[in-house]
Amino acid sequence: MNLTELLAGDSLKVAPALLGMTLRSEIGTPVEIEITEVEAYRSVEDSASHAYRGRTARNGSMFEAPGTLYVYRSYGIHWCANVVTGPVGSGQAVLLRGGDPLLGIEIIRHRRGRTTDLCNGPGKVCQALGITGDCDGTSLLTGPLVLLAGVARRHRTTPRIGISKATDHPWRFVAIRD
DNA sequence: ACGAGGATGCTCT
DNA sequence: GAGCATCCTCGTC
């Protein structure tokens, strides 16, 4: 199964498959991280999802083709990035919550303004990769952010964090490091 | 180690 | 005008 077919699947299935894959940013000098933590968000049946109340100006890219990047501003300060999944118009996405630097760690350290805790959080991932609202609606199949095959990882599941609704579903997926 | 609180902007009610 | 899919610093223990 190729990447396009994978991303067209349900977010609950795509989320764990993203663990271990490489996310490459070609914004400036290329930087890469290995995806280590994600959360699946569904559509109108998921009250925690931005798509819960249907398509709006902010969440429009969530309803685009699978592989589209959905970027939104969080708490007025940070950016958060999602991989859109499922059939076009279904409004599903996978939030990128964490990663490990693979390439360009010095650039990442400079962008982050510190040398530790570089990508362990959704806002940090975006800062490390240079992702901003300008990236909203771009495709991970064409760039400037690109998803590349990696190593399959085992994972554990937990409830999603940082949300106040639909907290009972174990839709957070964390890679297990050997 | 852990918890409280502030920064900050935009969307939707 | 409320409510965020967050992060960082600083205060305690």
Side-chain angles (χ1 to χ4, degrees), chain A residues 7 9-19 21 23 25 27 31 33-64 66-86 89-101 105 107-138 140 145 147 155-175:
Chain A
L7 295 174
D10 191 283
S11 62
L12 290 176
K13 182 178 168 187
V14 175
L18 292 179
L19 299 175
M21 292 184 69
L23 181 60
S25 169
I27 298 167
V31 160
I33 66 169
E34 175 180 333
I35 298 170
T36 60
E37 180 184 344
V38 297
E39 281 177 0
Y41 284 86
R42 310 195 71 199
S43 189
V44 294
E45 70 275 25
D46 179 4
S47 61
S49 172
H50 288 175
Y52 180 58
R53 295 174 201 282
R55 185 168 184 157
T56 66
R58 174 177 70 157
N59 67 16
S61 57
M62 269 186 100
F63 294 83
E64 296 299 328
T68 299
L69 195 65
Y70 166 48
V71 181
Y72 68 93
R73 199 187 275 286
S74 175
Y75 290 89
I77 303 177
H78 309 287
W79 296 105
C80 290
N82 298 249
V83 178
V84 174
T85 76
S90 63
Q92 306 174 47
V94 176
L95 172 66
L96 300 172
R97 287 197 59 92
D100 288 335
I105 191 166
I107 294 169
I108 291 174
R109 285 205 244 251
H110 185 255
R111 282 180 176 151
R112 291 277 300 117
R114 63 193 63 247
T115 58
T116 61
D117 295 327
L118 297 174
C119 301
N120 56 336
K124 302 178 195 179
V125 167
C126 285
Q127 190 178 15
L129 298 183
I131 297 173
T132 68
D134 290 343
C135 305
D136 181 47
T138 62
L140 290 160
L145 282 114
L147 207 46
H155 67 268
R156 62 191 168 89
T157 62
T158 80
R160 296 177 293 184
I161 59 181
I163 58 174
S164 57
K165 287 168 285 192
T167 54
D168 48 335
H169 300 110
W171 291 348
R172 174 170 172 255
F173 302 84
V174 184

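Just one of A:D117, A:I108, A:L118 meets the side-chain contact (heavy atoms from CB on, under 4.5 Å) condition when paired with A:K124; it is A:D117.
In this structure, CD1 of A:I77 is placed 19 Å from P of C:dG3, rounded to the nearest angstrom. Regarding A:R42, its CZ atom lies at a distance of 17 Å from the C1' atom of C:dA5, rounded to whole Å. At whole-Å resolution of the value, CZ in A:R55 and C1' in B:dT11 are 16 Å apart. Rounded to whole Å, atom C1' of C:dA5 lies 15 Å from atom CH2 of A:W79. Atom-to-atom, CD of A:Q92 to P of C:dA5 comes out at 18 Å; the value is rounded to the nearest Å. C:dC7 atom P lies 13 Å from atom CG of A:L118, rounded to whole Å. Following rounding to the nearest Å, A:H50 (NE2) and B:dC10 (P) show an atom-to-atom distance of 15 Å. Atom P of nucleotide C:dC4 and atom CG of A:L95 are separated by 16 Å, given to the nearest angstrom.
Within 4.0 Å of A:D117, counting heavy atoms only, lies no atom of the nucleic acid at all. Contacts of A:R172 with the nucleic acid, taken as non-hydrogen atoms under 4.0 Å apart, are absent. Using a 4.0 Å heavy-atom cutoff across all strands shown, A:R160 reaches no nucleic acid atom at all.
Between A:R53 and the phosphate of B:dT11, there is no side-chain N or O to OP1/OP2 separation shorter than 4.0 Å. OP1 or OP2 of B:dC12 sits under 4.0 Å from a side-chain N or O of A:T56. Distances shorter than 4.0 Å separate some side-chain N or O of A:K124 from OP1 or OP2 on C:dC8. Phosphate contact (OP1/OP2 of C:dG3, side-chain N/O of A:S164, threshold under 4.0 Å): absent.
In this structure the side chain of A:L140 never reaches within 4.5 angstrom of the side chain of A:V84, judged on heavy atoms. Within the 4.5 Å cutoff, the side chain of A:I27 has no heavy atoms near those of the A:L129 side chain. Contact annotation: the side chain of A:L18 never approaches that of A:F173 to less than 4.5 Å [non-hydrogen atoms, C-beta and beyond].
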Inset, instruction - Begin with the C-alpha distance, continue with both residues' side-chain angles, and end with the deciding distance and a verdict on side chain to side chain contact (heavy atoms under 4.5 Å, CB included) for A:V38 and A:L95. - result: CA-CA 5 Å; A:V38 297; A:L95 172 66; over 6 Å; no
Legend entry - side chain to side chain contact (heavy atoms under 4.5 Å, CB included) between A:W79 and A:R73, worked out: CA-CA 5 Å; A:W79 296 105; A:R73 199 187 275 286; 3.2 Å; yes
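Comparing B:dC12, C:dT6, C:dC8 against the side chain of A:R58 picks out B:dC12 as the nearest. When each of C:dT9, C:dT6, B:dC10 is scored by its nearest atom to the side-chain atoms of A:R114, the top-ranked nucleotide is C:dT9. For A:H78, the listed nucleotide lying nearest its side chain is C:dC7; candidates were C:dC8, C:dA5, C:dC7.
Residues A:A81 and A:Q127 each lie close to DNA chain C; by heavy-atom proximity, the contact nearer the 5' end of the strand is made by A:A81. Positionally, the nearest nucleotide of DNA chain C for A:N82 lies more toward the 5' end than for the other of A:R112 and A:N82.
For C:dA5, there is no paired base (Watson-Crick or G-U wobble, both distances below 3.5 Å). Summarising the base pairing, B:dT8 is matched to no nucleotide, lacking a Watson-Crick or G-U wobble pair whose two defining distances lie under 3.5 Å.
The base of C:dA5 does not come close enough to the side chain of A:Y75 for any donor and acceptor atom to sit less than 3.5 Å apart.
Between A:Y72 and C:dA5, no base-stacking contact is recorded for ring centres under 5.5 Å apart and planes less than 30° from parallel.
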